[in-house]
Amino acid sequence: MQDPTTALPALWRLGFGPRPPRGPGDAAIPYDHLVTAPVVAVILAAGQGTRMRSETPKLLHPLCGRAMIEWPVAAARDAGAGTIVVVDSPERPLASVLDGEVAIAVQERARGTADAVRAAEAYIAPESTVIVLNGDVPLISAETLRGLAEAHARSGAAGTIATSVLEDPRGYGRVVRAPDGTVERVVETKAPGDATEGELHIREINTGIFAFDGGLLLEALAQVRADNAQGEFYLPDVLPVLRGLGRTIDAFEVADANVTLGVNDRVGLAAVRAIAQRGINEAHMLAGVTIVDPESAIVDVGVEIGEDTVIAPFTSVLGASTIGARCQVGPHSTVIDSRLGDESNVLHSYLTGAELGEGVSVGPFAYLRPGAVLRAGAKAGTFVEIKNSEIGAGTKVPHLSYIGDTDIGERSNIGAGTITANYDGYRKNRTTIGSRVRVSVDTAFVAPVSVGDDAFTGAGSVITDDVPAGALGVARQRQRNVEGYAQRRAERAAADEAERAAADQAAPDTTVEK
């Protein structure tokens, strides 16, 4: 099976996945040579997200296979941050999806972004470079964060703000430049009176992503005041404080505004999801995968796909799925947390937690449930359901069957309508069927039961006892033909009808004349 991780270079260039190792032909200046201070990423994630109108915290909403908060965390990690701190609310809802390598700081009360960074002070060393970003910007890429850290290191500024120029900057803080081109301050626009009319016409906006010298950031945070209409401590207010200390603030313009898009509600989440999905699909196509209709294909960010595989329209490949080379998946198929070997074919089917060997055929309209393992060359055909079972190499379950808690050997054939009765009302029991077995149509196996190699079953049998190797198992009533049955049935029906007519004629007339 081809290693699907060959797709990583293209995935990385679009912002999905880690930067691959640098080869001898890579002429870029090594990141570590530019940024020598330890990098601390502080991700602000304590907001309530009430505009999502959901019982689920905003940053736990799924986005292409990850919780929203996991996207900026992954970008910070891939950008080289040595310490990642997520600032959570007191309920700590995000801890359930964050691994032990991510520190969690708690903002006890929602008092603004500067107060949120203060909550992470214990993790900020004076000699560190601190990257601050919001948890609701899932499209932020490692490349953008790396570029910000490099620009900050080159400039020697006390702080560097990532900015973007928008046609419609409504709702964003505006970046006010000094005459020398450095950043003077950021003006918030959340409430009337925060910004002047002239400042509202500025199109360069604050993306909410900053780089700071750790020691100067800590010093400036102590001086921030809540002198605004909201009564909050705004992180951009550290910028004029730093300028007052005689230090400069630089700007790092992000050319692609999409990478800094924030999510405030479900409309915003859908917009971000469309961009992320397009990037994921394009990365796979650049790595040698054919996605026939990228607009209808859903592929999660963690999925791996080998070269020359075809993803047909209206197909979803989700979770930790891995698809080998030269496969055909879809149309109208769903693959969740499953592994497909090279040259597998999945047509109009639903797979979750399944494992397919090389050259396996599935569908149409098959349902493979967790624990379904199909070895090389096996087949699960039309309207077949398999769960917690191993189907041997070359074995075929062609149609209209349920196989549960079963082990089947190699090159067996399971006839239509076969059922493994695996549940006795108290526990699940296993069925064992050997190699080269021929199971006739409409056979039911009442587990626990075993069928030896090279055995047969008779059509319509209910197998309750073990079938030895090479034997024929037949378990059904003998057929009895009743001659003349149809004629006698017709005569009986005619007699019944005549009897009813005579009874109606003999009944008294109960009509009352007026």
Check: Taking side chain as C-beta onward, heavy atoms only, is K58 less than 4.5 Å from N264?
Finding: yes
_Check whether S155 reaches the backbone of D250 with its side chain - one donor and one acceptor, N or O, closer than 3.5 Å._
no
Task: R203 atom CZ: more than 12 heavy-atom contacts under 6.0 Å - done: yes
Side chains of S54 and H61: donor-acceptor distance under 3.5 Å anywhere? yes
| said: With a 3.5 Å distance limit and no angle check, can you tell me whether T406 reaches the backbone of S389 through a side-chain donor-acceptor pair? | reply: no
- Side-chain donor or acceptor of R174 paired with backbone N/O of Y172 under 3.5 Å: yes
Practice problem: Answer yes or no: is there an ion pair linking R326 with E343, defined by an N-O contact shorter than 4.0 Å? | Solution: yes
**Report entry** Distance under 6.0 Å and angle within 45° of ring axis: R118 vs F233
**Finding:** yes
Any chance the side chains of S141 and R146 put a donor and an acceptor closer than 3.5 Å? no
With I69 as partner, the option from V102, L59, D136 fulfilling side-chain contact (heavy atoms from CB on, under 4.5 Å) is L59
Test side-chain contact (heavy atoms from CB on, under 4.5 Å) on L166 and E204 and set out the steps.
CA-CA 7 Å; L166 303 181; E204 185 176 21; over 6 Å; no
Return all side-chain donor-acceptor pairs below 3.5 angstrom for residues 86-94, not counting sequence neighbours, or 'none' if the list is empty.
from, atom 1, to, atom 2, distance (Å)
D88, OD2, L94, N, 3.1
S89, OG, E91, OE1, 3.1

Please answer whether the main-chain N or O of L242 pairs with a side-chain N or O of R247 as donor and acceptor at a distance below 3.5 Å. no
H348 vs H332 aromatic rings, parallel, tilted or perpendicular, using cut-offs 30° and 60°?
-> parallel
